[in-house]
Amino acid sequence: MEVEKGKGTDVSDVQGEDDLDEEPGEEIESAPPLKVGEERELGNSGIKKKLLNNGIHWETPEFGDEVTVHFVGTLLNGIKFCSTRDNGEPITFKLGEGKVAKGLDNGITTMKKGERVLFTLPPDFGYGAEGRDGVPPDSIVQFEVELLSWITVVDICKDGGIIKKIMEKGERNERPSDLDEVLVKYQVTLAGGTIVAKTPEEGYEFYVKDGHLFPALTKAIITMKRGEKVKLIVQPKYAFGDKGKEATDGFPSIPPNSVLNVELELVSFKPVIDVTGDSKVFKKILKEGEGALVANEGAAVTISYIAWLEDGTVFERKGVDGGQPLEFITDEEQVIPGLDRAAATMKKGEQALLTICPEYGFGSVVAERDLAVVPPSSNLVYEVEMLDFVKEKAPWELNNQEKIEAAGKKKEEGNILFKDGNYQRAGKKYDKAVDYVSEDGLFQDDEQKQIKALRISCWLNGAACSLKLSDFWGAIQLCSKVLDFESYNVKALYRRAQAYMKTSDLISAEMDIKKALEADPQNREVKLLQKTLRQLQVESNKRDAKLFTNMFAQMSKGSSMPVKKLKVEIAEPEKSEEAAATEKECVAEPSTPSEDRMAVDQS
């Protein structure tokens with residue numbers, strides 16, 4: 001039996017994971033674990049596994065991993081044909097490379113560390129029709145195997161360019177992302193053992209996205225867990241290629257086309273989060289907070305911080321050096337947007353470094369703060385600690401009456417914001433109000449009337465916000481929810497018609513206006529909107545007429561037969577000083593024409 005002794009395995013030709021997954025292994029994951037002395041067939045392979053001693057932990061090796069085992073191979077009559085026990089030295093080989101019988105490869109992938117088993121292999125998974133020394137053709141063979149240990153081997157780029165051997169597993173399952181700041185230790189050597197790069201004793205810190213030394217390092221780091229130690233074999237294209245590297249910092253030069261060996265440890269990393277999703281507010285976590293809960297929107301938070309400009313000028317301190325911490329409600333515009341948004345993502349006890357662009361800071365104006373003046377368009381840095389927070393109660397934490405009261409309060413807050421022209425925040429308040437009364441089955445019959453009125457009112461007001469923000473599809477969706485309950489709600493039909501007109505769906509707008517006038521024939525705002533619609537339809541007809549005229553003109557040029565001119569009769573639009581009322585909103589009562597009073601439902 002040919003196997004490799006020792007650990008000097010060449011891993012440059014490791015298979016890709018896609019190929020490895022196709023190898024047969026244990027296909028009975030749903031079956032209960034084997035008990036000592038119990039035997040079971042692995043899937044339908046004919047390979048039988050009998051457990052002799054339990055292993056530890058739950059992990060098992062995979063194809064491509066380097067395993068270290070003891071084994072004894074025998075025929076069914078007990079005659080031994082190979083053994084590592086005879087000289088007391090285990091062997092190390094890579095699973096899936098044909099170094100041992102195919103069935104033995106497959107069987108070992110089902111074993112835990114320290115486990116001892118007896119595998120019975122049919123000829124197809126043993127030595128087949130050819131046999132081997134000591135094994136006749138078409139023989140059933142048995143292997144008593146003890147799995148001592150294994151090293152996980154990963155082909156990071158699936159092309160053999162960066163091979164990673166995991167020497168020591170890391171903590172938890174978190175891995176750094178491109179934005180994170182990592183602290184690493186490494187030593188880089190040439191094939192002959194010459195050290196060509198090495199970090200100081202304390203390691204080296206950098207942002208993954210910025211890269212460091214050569215491409216393979218960052219590609220490997222993002223696959224590692226905190227505390228993980230690995231060995232890398234790096235081909236030239238992921239190192240310094242055909243140019244090599246000149247001698248620097250007391251280390252010798254790296255010749256062109258050099259294969260590098262790297263011992264790498266991911267000591268730690270600080271997660272960096274793009275808070276706003278547009279790369280304008282970043283949060284680097286300096287210290288993890290407690291538990292899993294974050295402050296979230298609407299929470300009453302208490303924070304301490306030091307804030308400074310890019311040049312180091314400190315302009316504000318809160319809750320440090322004996323000062324009072326800052327208390328505020330998130331999502332209420334009580335602090336600059338960047339600090340507000342970041343605080344809503346923090347856990348109790350969390351410490352973070354915030355980098356805030358002007359759009360989420362003080363903008364283009366001068367801001368006079370406690371310790372210094374912040375110039376216009378300044379980037380800001382805040383070092384923040386979340387001392388405490390009290391989250392706004394979620395709907396499931398309230399009884400029915402509390403839900404109705406909370407919904408009413410959120411609606412009133414939305415109305416105030418709408419009057420102030422803050423349509424974005426007003427819309428969020430209406431959404432929150434609906435969230436409190438969104439489950440019909442939890443309310444009694446006498447409460448259903450109240451929650452229906454609240455929902456309809458908030459959907460209508462939310463639609464008004466969407467129109468103001470030019471979110472016409474959002475307005476259509478909210479009005480449609482109202483019309484599912486009240487098919488002739490004039491406000492919903494009016495606002496949906498406005499949105500349809502803005503999206504050039506004039507047919508749907510005409511249907512909604514017609515329906516609204518059926519419900520309220522004298523509604524002035526709806527009539528004005530109808531006239532505006534007619535003007536749009538006339539303009540649309542003119543465009544269509546011009547299009548068809550041009551089309552027939554082109555056809556007549558290319559044809560020997562005379563083509564009659566297309567005569568399109570277009571009605572003159574009605575002359576009215578009221579035609580400019582395109583943006584008028586539907587009134588709550590037919591007798592109230594004022595747009596300002598009817599922009600939102602105050603009831």
Side-chain angles (χ1 to χ4, degrees), residues 173-182 206-211 218 221-222 269-289 291-299 301 303 305 307-310 328-348 350-365 367 374 376-386 389 391-392 394 410 414 417 421-432 434-435 462 465-466 468-475 477-478:
N173 287 320
E174 299 160 331
R175 294 177 173 85
S177 69
D178 285 346
L179 294 175
D180 295 347
E181 186 178 53
V182 296
F206 67 97
Y207 289 97
V208 175
K209 63 181 176 63
D210 294 337
T218 52
I221 286 168
I222 60 176
F269 65 91
K270 296 169 184 173
V272 178
I273 298 166
D274 183 354
V275 174
T276 52
D278 57 5
S279 301
K280 293 183 177 179
V281 179
F282 287 109
K283 181 183 78 167
K284 179 166 71 175
I285 299 175
L286 305 177
K287 177 187 172 186
E288 291 282 352
L293 294 178
V294 298
N296 218 328
E297 296 175 353
V301 303
I303 63 172
Y305 65 82
W308 62 89
L309 304 175
E310 284 184 309
F328 66 95
I329 307 296
T330 59
D331 199 35
E332 293 291 342
E333 296 186 350
Q334 297 175 3
V335 296
I336 61 170
L339 180 59
D340 195 346
R341 297 277 292 272
T345 71
M346 296 180 69
K347 301 175 183 177
K348 184 177 179 180
E350 181 180 322
Q351 295 177 9
L353 191 70
L354 310 181
T355 305
I356 302 172
C357 286
E359 294 92 322
Y360 292 92
F362 297 105
S364 58
V365 300
V374 178
S377 303
S378 293
N379 291 316
L380 312 174
V381 182
Y382 282 72
E383 187 171 337
V384 184
E385 181 177 2
M386 178 61 69
F389 65 81
K391 292 189 68 170
E392 188 174 46
K410 290 295 179 188
L417 290 166
N422 197 331
Y423 306 120
Q424 189 78 45
R425 288 188 59 216
K428 291 174 71 173
K429 292 290 184 182
Y430 296 134
D431 288 343
K432 283 187 175 181
V434 173
D435 286 343
C465 292
S466 295
K468 292 288 188 182
L469 295 167
S470 298
D471 177 15
F472 304 119
W473 290 115
Q477 290 174 345
L478 289 169

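Heavy atoms only, all atoms of each residue included: Gly361 and Leu380 are closest at CA-CD1, 3.9 Å. Across all their heavy atoms, Lys432 and Gly298 have their closest contact at NZ-N, 4.3 Å. Closest non-hydrogen pair, Gly462 versus Tyr430, comes out as N-CD1, 3.7 Å.
Formation of a donor-acceptor pair under 3.5 Å by the Asp274 side chain with backbone atoms of Ser279 is found in this model. Under the 3.5 Å distance criterion, the side-chain polar atoms of Thr345 are left unmatched by any main-chain donor or acceptor of Val294. Side-chain atoms of Gln334 come within 3.5 Å of backbone N or O of Ile329 as a donor-acceptor pair. Not a single donor-acceptor pair under 3.5 Å links the side chain of Thr355 to the backbone N or O of Val381. Judged by distance alone, with hydrogens and angles left aside, the side-chain atoms of Lys347 form a donor-acceptor pair with the main-chain N or O of Gly291 at under 3.5 Å.
Atom-to-atom distance recorded for Glu350:CD and Lys283:NZ is 4.0 Å, nearest 0.5 angstrom. For the atom pair CD (Gln424) and CD (Glu333), the distance works out to 10.0 Å, reported to the nearest 0.5 Å. Considering CZ of Phe269 and CD1 of Ile222, their distance stands at 12.0 Å, rounded to 0.5 Å. Distance check, rounded to the nearest 0.5 Å: CD of Glu297 to CD of Glu332 gives 10.0 Å. Atom CD in Gln477 sits 8.0 Å away from atom CG in Asp471 (nearest 0.5 Å). Atom-to-atom distance recorded for Lys270:NZ and Lys287:NZ is 13.5 Å, nearest 0.5 angstrom.
No option in Leu353, Val208, Asp180 other than Asp180 meets the side-chain contact (heavy atoms from CB on, under 4.5 Å) test with Val272.
In this structure, Glu392 places its CD atom where more than 12 heavy-atom neighbours from other residues, nucleotides or ligands lie under 6.0 Å away.
Asn379 has its side chain within reach of Cys357: a pair of non-hydrogen atoms, C-beta onward, lies under 4.5 Å apart. Side-chain atoms of Phe328 and Asp340, non-hydrogen and from C-beta on, do get closer than 4.5 Å to each other. With a 4.5 Å cut-off on side-chain heavy atoms, Ile221 and Phe206 count as touching. With contacts defined as side-chain heavy-atom distances shorter than 4.5 Å, the pair Leu339/Ile303 qualifies.
For Asp278 and Tyr360, the side-chain atoms include at least one donor-acceptor pair closer than 3.5 Å.
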Applying side-chain contact (heavy atoms from CB on, under 4.5 Å) to Lys429 and Leu417, what does each step give before you reach the verdict? CA-CA 9 Å; Lys429 292 290 184 182; Leu417 290 166; 3.7 Å; yes
